[in-house]
Amino acid sequence: MQLTSFWVYFNARPLFWMVITLAAYLLASALNRKAGGTALLHPVLVAMLMIMALLALSDTSYDTYFEGAQFIHFLLGPATVALAVPLFDHRARIRQMVGPIMLVCLSGSLTAVVTTLWVGQLFGGSGQLLLSLAPKSVTSPIAIGISEQIGGFPSLSAGLALTTGMIGCLLAPLVFRLLKIRSDTASGFALGMAAHGFGTAYAMQRSTLAGAFAGLAMGLTGVFSSILIPQIIKLFGL
């Protein structure tokens, strides 16, 4: 009875879920280090699964959880802005490659959306499912905003974006080896474009140069996708 009363009391405190979120991430990070940094045990993915299991077992609603976790959610904005630091450090190199960078981001964003909608229609996906799938190749906060704008399921879009990022990090080392890509500039940019937030974090582990180009690709892809997706879904009759 004492344990139950203790749980009921702290479960109702907003800061409790912030502590749980931080503890889950620290534990997931330790597991990832012990596993050699494999993308299959990415700290974000493992922490997310831990928290989902705890919410299900404790019969806690997402609204209750978010009441405390919103303090961490607030830091997502400053953390994203902080990516400007490595960009500033490598601004000279970025300035030399503005043309190719813009062209690659535009073509990559367009290809990601078109192929996703085409494959979804090929397999008979419903209209709202396709609208939720469309922004899967951008970072979760932007994917949620786009999904809300075009009439998809924001929560599903966020989950698909996380899954896309995880798969991108998992396959990236193999793709880089097969294509013999050793450049931090190219590998970082590819990770940021294909695996957005997950890819940027993974690129930061490779080098600050890779992290700078990953952050740039993630940001530009989000901007281009926000503009392109509403127009493309009209062409697909959604």
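A donor-acceptor pair is defined here as one N or O able to donate and one able to accept, closer than 3.5 Å; no such pair exists between the side chain of Gln128 and the backbone of Phe153. Remark: side-chain polar atoms of Ser132 are not paired, donor with acceptor, to backbone N or O of Gly152 under 3.5 angstrom. At least one donor-acceptor pair under 3.5 Å links the side chain of Thr111 to the backbone N or O of Ser107.
A continuous path of ILVMFWY side-chain contacts below 4.5 Å connects Val98 to Met193, so both sit in one hydrophobic cluster. No chain of hydrophobic side-chain contacts below 4.5 Å, direct or via other Ile, Leu, Val, Met, Phe, Trp or Tyr residues, connects Val223 to Val113. A single hydrophobic cluster is seen to contain both Leu216 and Met102, as judged by linkage of ILVMFWY side chains at heavy-atom distances under 4.5 Å, directly or through other members. Both Val104 and Met97 are members of a single hydrophobic cluster when ILVMFWY side chains are connected at heavy-atom separations under 4.5 Å.
Counting heavy atoms from C-beta outward, Leu110 and Ile232 have side chains that approach closer than 4.5 Å. Contact check for Met50 versus Tyr25: no side-chain heavy atoms found under the 4.5 Å cut-off. Two residues are said to be in side-chain contact when any heavy atoms from C-beta on lie closer than 4.5 Å; Ser226 and Ile142 meet this criterion. Taking 4.5 Å as the limit, some side-chain heavy atom of Ile20 sits within range of a side-chain heavy atom of Leu54.
Each of Thr115, Thr116, Leu122 was scored for a side-chain contact (heavy atoms from CB on, under 4.5 Å) with Trp118, with one residue passing: Leu122. Checking Ile101, Thr200, Leu191 one by one against Phe213, the side-chain contact (heavy atoms from CB on, under 4.5 Å) holds for a single residue, Ile101. Between Leu156 and the choices Ile144, Leu129, Leu133, the side-chain contact (heavy atoms from CB on, under 4.5 Å) rule is met once, by Leu129.
Summarising the geometry of Ala28 relative to Pro43, their closest heavy-atom pair is CB-O, 3.4 Å, with the distance given to 0.1 Å. Closest approach of Pro135 to Ile229, counting heavy atoms only: CA-CD1, 3.7 Å. Contact record, Thr221 with Ser137: CG2-O, 3.9 Å, taken as the closest heavy-atom pair. Taking all atoms of both residues into account, the shortest heavy-atom contact from Gly222 to Val138 is CA-CG1, 4.0 Å. Heavy-atom minimum distance, Ala217 versus Gly192: CB-C, 3.9 Å. Of all heavy-atom pairs spanning Ala214 and Ala203, the tightest one is CB-CB, 3.6 Å.
A distance of 10.0 Å separates OG of Ser225 from NZ of Lys136, quoted to the nearest 0.5 Å. Between the CG atom of Leu22 and the CG atom of Leu27 there is a distance of 12.5 Å, given to the nearest 0.5 Å.
Leu131 is linked by a side chain to side chain contact (heavy atoms under 4.5 Å, CB included) to Ile150, Ile233, Leu238, counting only residues two or more places apart in sequence or in another chain.
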Only pairs under 3.5 Å count here: list side-chain donor-acceptor contacts from residues 160-179, not counting sequence neighbours, and write none if there are none.
unit_1	atom_1	unit_2	atom_2	d
Thr163	OG1	Gly159	O	2.9
Thr164	OG1	Leu160	O	2.8

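Listed by first and then second residue, the side chain to side chain donor-acceptor pair (under 3.5 Å) pairs involving residues 182-196 are Arg93-Thr185, Asp184-Ser207 (not counting sequence neighbours).
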